[in-house]
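Down below is the structure, laid out as C-alpha cells.
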There are 2 protein chains.
Amino acid sequence: MSNSTPATIEDVARIAEVSIATVSRAIHMPEKVAKSTRLKVNQAIALTGYTTNAMARSLRLGRSNMILVVAPDIGDPNFSSILVGLENEARAHGYGVLIGHTQNDAQRGLEYLKFFNSYQAAGLILFTGILPFGHQAATASLPPSVGVFEPVFNGGIPYVGVDDVEGARKAVDLLISEGHRRIAFIGDSNTRLAYGRRRLGYEAGLAAAGIPLNRQMVLDGDGTVESGRLALEQLFMRDDLPTAFMCVNDQTALGVTLGLKARGYEIPDDFSVTGFDDVPQASFMTPSLTTVRQPRTAIGKHAMALLLDMLSDRAAPETEILLRPDLVVRNSVGPPPDGKKR
Amino acid sequence: MSNSTPATIEDVARIAEVSIATVSRAIHMPEKVAKSTRLKVNQAIALTGYTTNAMARSLRLGRSNMILVVAPDIGDPNFSSILVGLENEARAHGYGVLIGHTQNDAQRGLEYLKFFNSYQAAGLILFTGILPFGHQAATASLPPSVGVFEPVFNGGIPYVGVDDVEGARKAVDLLISEGHRRIAFIGDSNTRLAYGRRRLGYEAGLAAAGIPLNRQMVLDGDGTVESGRLALEQLFMRDDLPTAFMCVNDQTALGVTLGLKARGYEIPDDFSVTGFDDVPQASFMTPSLTTVRQPRTAIGKHAMALLLDMLSDRAAPETEILLRPDLVVRNSVGPPPDGKKR
DNA sequence: CTGGCCACTGTAAAGGTTTACATCATCATC
DNA sequence: GATGATGATGTAAACCTTTACAGTGGCCAG
C-alpha cells in the first residue's frame with residue numbers, strides 16, 4: 001500500500017486491468033469512460049493512494065498549476081491577510097501558490113520572471129504598482145497577470161482593489177457630518193495611483209457639502225509616518241489650521257497623531273484624524289484610529305478568482321474590480337472644538 | 001531572440017554545436033567540461049535566454065526545487081516576517097517557496113501532504129506545533145521537515161526557534177530588578193511546548209533571586225486575549241495580588257492590560273506587565289508593551305538553511321536551533337507601587 | 001447481410017531533462 | 001609502436017503524463 005516509491009498511473013492501470021490512457025481519462029474526462037471501468041479505476045486509485053505527478057503533467061501540458069505571487073515586501077502585515085484570500089481560492093481550484101518578494105529591486109524582479117518561466121507557472125499576481133521587471137521585460141509579452149490593491153502602471157493589467165474614491169468619500173463625509181469644514185488632506189502624491197483616487201474622493205466630498213477646495217489644505221506626502229509629521233509641521237507654520245486631518249493612509253495618520261501629541265494636543269478634542277487601510281495597528285493606537293478598511297481577504301479571493309477565470313479564458317477579463325470599503329469608526333474623530341454638536 | 005516558445009536545451013546545443021548532454025553538464029558540472037566548450041555553451045545560453053524547464057528537470061530527478069511551507073494561519077502577522085527569512089534563504093539557493101495554511105483542519109493538512117507528493121517538493125517547513133496531518137500520515141515516513149517557532153509534537157523533527165527559557169528569564173529578571181517580588185505567571189498550559197519552557201524561565205528567575213515559587217501565582221491560559229482577562233479575574237477574587245504580571249505571550253498581556261484598565265488601574269504605576277513575542281501591535285499598545293522579541297526573520301532564515309542542509313545531507317541535522325531572544329523594554333514595566341526605587 | 005455509426009479502449013508519441021554507458025582522441029609509458 | 005589511462009563528448013534510455021489516432025465490438029438501418 002504505502003510503498004517506498006509513489007504509485008504511478010501505470011500501477012493503477014495494472015490493478016484496474018485497463019490501459020494508462022483509460023486511467024487518465026477516468027480522472028480528467030470521466031464522462032468518456034464506461035461506468036464500470038470508472039469504478040475499477042477509482043478503486044485502484046484508492047488502493048494505491050495514487051496522486052498525479054504534477055511535474056510530469058506540467059511537462060506534458062507545457063503549463064503548471066502554480067500561481068506566482070510577487071510582492072515588494074512579503075513582510076508587510078497587510079500582505080498576509082490578502083494571501084489568505086489568494087491561497088484559499090487557488091487551493092479550491094487545485095492551484096498552488098508560489099511566493100516571491102522583490103524588495104523593489106528590478107534585478108530580483110527579473111529573476112522571478114525567469115523563475116516563472118522555469119516553473120511554467122500559469123499566472124502571476126502582482127502587488128506592485130509598477131511592473132517589478134525592468135523595461136525590457138515590460139515590453140515583452142507578459143503572462144496572464146492580475147494586480148492587487150492598486151493598478152499596475154505600465155501594462156494593461158486588470159486589477160482588484162478597493163474603491164478608493166468611495167472610501168475617501170466616506171471618511172470625509174464623516175468629518176463633515178461631525179461639523180468640520182476645514183479639513184486637510186495629507187499625502188497628495190503621484191507615487192501611487194490609489195492616492196490620487198483618494199484625493200478625488202476628498203474633493204468630491206467637499207464639493208457635495210458646498211465647501212470650496214482650499215489648495216493650502218492639500219499637502220504632499222508619500223505615505224510614510226515621517227511624511228505625516230512633516231506635513232503637520234508645514235501646516236503649523238501658517239495661520240489657518242484645519243480642524244481635521246484626513247490622511248492618505250494609516251502610516252501618515254500615525255505621523256500626524258504623534259506630531260499633534262508632541263505639541264500637546266488632544267485627539268479628538270482638539271483635532272480629528274482619519275486614516276486609510278485599517279492596518280492591524282490602527283486599533284491599538286491611542287486614540288484608536290478611525291479609518292477606511294480594505295477588505296483584504298476578499299480582495300485576495302477576487303484577484304485569484306479573476307486570474308483563474310482569465311486562464312480558462314471564458315469571457316474577456318474585466319479591467320478593474322473595485323470592492324466596497326467600509327468605514328471603521330473608532331475614537332480619533334469628534335466634532336471640531338468650536339462645533340455645535342457637543 | 002524572444003521567440004514564442006521558450007528555448008530548450010536542444011536549441012542551446014544546436015547553437016553551441018554540442019550535444020544536449022554537454023549543455024546539461026556545462027550547467028550542472030562545469031568542471032567536467034572543457035573550458036572552450038563551456039564558453040560556447042554559455043554564449044548560446046545568453047543568446048537564447050534559455051532557462052531550464054524545472055518541470056522536466058523535476059520529473060527526471062524525481063524531486064523538485066520547491067519547499068512547502070505550511071502554517072495553521074498565514075494571516076497571522078507573525079507569519080509574514082518569518083516568511084521573509086524563509087523566502088530569502090530559499091531563493092538564494094535556487095529554491096522556490098510554496099505556501100499553504102491548514103486552519104487547524106486535519107483534512108486540509110492531509111490535502112497538503114498529497115500536494116507535497118504531487119509536486120515532489122523537496123522539503124517541508126512546519127509552523128504547527130502538531131503535525132497537520134492525521135495520525136495515519138504521522139506514522140508513515142515524513143519528508144525532510146523543519147519546525148519553526150516551536151517544537152513539533154509527534155515526530156523527531158528538528159526545529160528552529162527562540163530560547164524560550166532565556167527569554168522568559170530576561171523578562172522576569174527585569175521585573176525583579178525593578179523591585180517586584182510578587183510576580184504572577186499567566187498562561188500556563190500544555191497546548192504549546194513553548195509555553196512550558198517560558199514557565200521554566202520564570203521559575204528559574206525566581207529561584208535565582210531567592211523568591212519561593214507560589215503556585216497561586218501561576219495561572220492557566222491558552223494564549224488568547226480572553227485568557228488574560230480571565231486569569232486576572234481569578235486573581236482579583238483572592239486577597240494577595242501580585243505587583244507584576246508576566247504573560248506567556250503578547251495576546252495574554254493585552255488581555256491583562258485591558259482588564260486592569262477596566263478596573264481603573266494605571267500601568268506601570270499600579271501594576272507592571274510583560275509579554276512575549278513582540279507582535280507588531282505591541283509598540284502601539286498604551287502603554288507600549290515591554291516584551292521579548294522573537295527574531296522572526298532570522299528564525300526563518302535559519303530554518304530554511306537547516307532544511308536545505310538536510311537535503312544535501314551533509315552532517316546529521318541538529319535537532320534544535322535556539323536563537324537568542326532580546327528583551328524590548330518599553331513602558332509597561334516600572335517599580336512596584338511600594339517599591340524603594342522610585 | 002452489409003455498411004456505418006457509436007461508445008469505449010488501447011497504442012504510441014511527445015514533452016525537456018539528466019546520466020549511465022559508450023566512444024573517441026590524446027598522451028604518457030615501456 | 002603497442003598499451004592503457006585520462007579527459008571530453010555523444011547516444012540513448014528513463015522519468016510520468018496526456019492525447020491524437022487507431023482499433024474493437026455492438027447495434028441499427030437499409
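Here the structure is a predicted model, which means the values were calculated and not measured. Every chain is numbered from 1, with letters handed out A, B, ... down the list of sequences.
A:Lys40 has its NZ atom 11 Å from the C1' atom of C:dT9, to the nearest Å.
Using the six-membered ring where Trp is involved, A:Phe115 and A:Tyr112 have ring planes that are perpendicular, over 60° apart on the 30 and 60° scheme.
Screening B:Leu86, B:Val160, B:Ile67, B:Leu124 for a side-chain contact (heavy atoms from CB on, under 4.5 Å) with B:Leu307, the sole residue that qualifies is B:Ile67.
Checking B:Met55 against B:Met29, the closest nucleotide of DNA chain C that is more toward the 5' end is the one next to B:Met55.
Summarising the geometry, atom OH belonging to B:Tyr159 is positioned 4.5 Å from atom CG belonging to B:Leu322; distances are rounded to the nearest 0.5 Å.
Pair assignment for D:dC21 gives C:dG10, based on Watson-Crick or G-U wobble hydrogen-bonding distances that are each under 3.5 Å.
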How far apart are the C-alpha atoms of B:Val97 and B:Met304, what are their side-chain angles, what is the distance that settles it, and do they pass the side chain to side chain contact (heavy atoms under 4.5 Å, CB included) test? CA-CA 10 Å; B:Val97 174; B:Met304 186 57 78; 4.3 Å; yes
B:Asn65 vs B:His93, side-chain hydrogen bond (donor to acceptor under 3.5 Å, both in side chains): CA-CA, chis, key distance, verdict: CA-CA 9 Å; B:Asn65 277 301; B:His93 291 79; over 6 Å; no
Mark up nucleotides 8-17 of chain D, 5' to 3', with B wherever a protein heavy atom is under 4.0 angstrom from a base atom, S wherever such an atom reaches only the sugar-phosphate, and - elsewhere. SBBB-BBBBB
